[in-house]
Amino acid sequence: MPLHFHNSLTRRTEPFAPMQPGQVGLYTCGPTVYNFAHIGNFRAYAFEDLLRRTLAFCGLKVTQVMNLTDVDDKTIRDSRQAGLPLAVFTQRFKDAFFLDLDALRIERAEVYPAATDHIPEMIVLIQTLLDKGVAYVGDDRSVYFSIAKCPRYGQLVHLQPEQMRGGGRVKNDEYAKESVADFALWKAWDAADGDVKWDSPWGPGRPGWHIECSAMSMEYLGPTFDLHTGGVDNMFPHHEDEIAQSEAANGVQFVRCWLHCAHLMVNGEKMSKSAGNFFTLRDLLAKGWNGRELRWVLLGCHYRQSLNFTFQGLADARTTLARLDDFIGRLREAQARPGAAAAPETTARLEQAVAEFQAGLEDDLNISATLAALFNLVRDLNKALDGNVFSGADARAALATLRRLDTVLATLDVDRADDEAPADIRQLADDRLAARKAKDFARADTLRQQLTTRGWTVEDTPAGPRLKKIGG
RNA sequence: GGCGCGGUAGCCAAGUGGUAAGGCAGAGGUCUGCAAAACCUUUAUUCAGCGGUUCGACUCCGCUCCGCGCCUCCA
């Protein structure tokens with residue numbers, strides 16, 4: 001089965017083939033850097049990571065662009081409140097964002113364009129829209145896009161302008177706009193903006209929110225590109241407006257396939273900054289969880305399914321990962337066994353696992369099927385390891401396969417450095433082994449308790465005692 | 001009011017017009033001085049409810065109930 005994705009535009013799951021064979025252009029809406037991103041935001045970035053890794057797994061070269069929104073109402077408001085220049089204020093949250101991406105093992109995009117570095121491109125685009133007569137300068141010197149000039153407006157969300165309920169903010173702009181649903185391309189400067197302003201043919205001001213994505217995707221991916229993603233809450237108005245602007249300016253289809261991920265929920269409700277019910281990655285790190293565990297939780301649920309975040313889920317992830325770690329540890333030990341070539345049945349089993357794994361991913365990132373392929377392999381190989389019919393070559397072949405699967409999952413840690421026990425810990429373990437051999441089990445248990453106290457656990461295997469760091 | 005998503009075992013979660021993947025937790029067993037880990041076995045006569053279509057539906061259609069999202073801050 002070739003790659004399939006659920007295209008929000010058609011609301012169908014369709015075969016995916018890039019415009020340029022072998023190369024995919026991917027635009028992923030990035031963060032507004034006015035605060036630390038919360039784990040609901042990271043759900044989207046983790047989904048996009050799974051997507052780009054899947055594309056690569058399927059042999060495609062990916063060019064991913066993720067914008068950094070570093071000028072908007074909130075960045076201006078909060079930087080002024082902090083008494084910092086906008087660029088200084090936003091830099092702090094850009095840095096934090098990348099640290100969090102690393103902790104979650106999210107692969108870097110090829111380009112992270114910042115809105116403030118692309119103002120001239122946006123001005124050119126806005127001028128094009130004015131020249132084409134689909135935009136106008138309002139009484140307030142702001143520039144608006146006229147959705148009345150855009151018959152296909154609403155194609156993504158299937159909303160008719162007359163069906164919309166007006167929101168509170170509409171009133172502020174109403175006097176300047178021809179229609180309440182028109183949106184700002186350029187916002188004229190006002191006192192609340194402080195020193196944040198750029199010169200334009202329409203006077204000082206700053207870009208509207210949607211225009212940056214149109215301008216920057218065009219800049220790096222061209223007028224038409226393959227994939228555009230974001231959270232479902234960005235479908236309207238953000239993505240709808242991007243389509244309107246871009247297609248009005250270029251006269252060609254903007255994006256061939258849109259993917260939207262569902263929300264992260266907490267206690268059955270959407271996690272959001274405005275609702276105040278959110279956790280950041282730092283919150284979880286402070287509670288003793290790590291990025292790998294959160295990554296497992298975020299990836300474990302299909303991207304179009306809402307994910308109810310719980311600490312029980314994190315705890316489940318921890319035990320699951322421990323089981324996988326133990327399995328990989330067994331394989332690494334088994335490499336020392338004799339055997340120069342992997343058995344045909346091992347090779348066949350590994351190939352089957354890769355095929356099932358890939359088939360799951362190709363089916364609109366069906367992570368459940370993907371992970372089932374992994375766990376079924378783990379079970380079968382554990383059984384083979386128990387049976388002692390598994391050679392060193394079999395183990396090496398299995399590890400190579402796991403490395404390949406981990407190019408997508410990025411959680412298996414096939415080649416992590418072993419936590420080498422310090423000398424004093426090894427001494428305790430040696431003493432315990434001696435006590436066991438002398439059948440002094442009371443002393444052996446005391447020594448094991450001492451190891452536990454110091455953060456190490458010891459497992460007696462047929463090959464001898466094995467030391468493991470607790471919670472490593 | 002408009003546009004959508006979802007309700008599958010204790011929890012999480014796939015899936016198919018022909019009779020329920022996988023993970024966590026639980027139970028029994030093998031192994032072990034005891035543990036731990038691993039492995040084996042086991043855990044939904046049933047897929048929100050009620051009708052309909054069908055030889056047969058959890059899967060298709062209709063209705064009902066419940067939860068959630070979007071309708072210009074939002075991943």
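Proteins come first, then strands; the chains are lettered A, B, ... in the order of their sequence lines, and each starts at number 1.
- Across all strands shown, Gly40(A) has heavy atoms under 4.0 Å from base atoms, whether or not it also approaches the sugar-phosphate.
- Side-chain contact between Phe183(A) and Pro237(A) is absent, with no heavy atoms from C-beta onward closer than 4.5 Å.
- Here C39(B) presents its C1' atom at 15 Å from CG of Leu331(A), a figure rounded to the nearest Å.
- Rounded to the nearest Å, the gap between the P atom of G22(B) and that of A14(B) is 15 Å.
- As rounded to the nearest Å, U16(B) and C58(B) have C1' atoms that lie 9 Å from one another.
- Contact annotation for Thr457(A): no contact, since no heavy-atom pair falls under 4.0 Å across all strands.
- The gap from the P atom of G49(B) to that of A57(B) amounts to 15 Å, rounded to the nearest Å.
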With the criterion being N/O to N/O and under 3.5 Å, what pairs connect the protein with nucleotides 31-33 of chain B, and how long is each?
residue: G33(B); atom: N7; partner: Arg436(A); partner atom: NE; Å: 3.4
residue: G33(B); atom: O6; partner: Arg432(A); partner atom: NH2; Å: 3.4
residue: G33(B); atom: N1; partner: Asp445(A); partner atom: OD1; Å: 3.0
residue: G33(B); atom: N2; partner: Asp445(A); partner atom: OD2; Å: 2.7

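- Spacing of P atoms, G26(B) relative to U8(B), comes out at 22 Å, to the nearest Å.
- If you check residues 41-50 of chain A against RNA chain B, the residues with a heavy atom closer than 4.0 Å are Asn41(A), Ala44(A), Tyr45(A), listed by number.
- The distance from atom CD of Glu240(A) to atom P of C73(B) is 16 Å, rounded to the nearest whole Å.
- When heavy atoms are screened at a 4.0 angstrom cut-off, Asn376(A) is found touching the sugar-phosphate backbone but no base atom.
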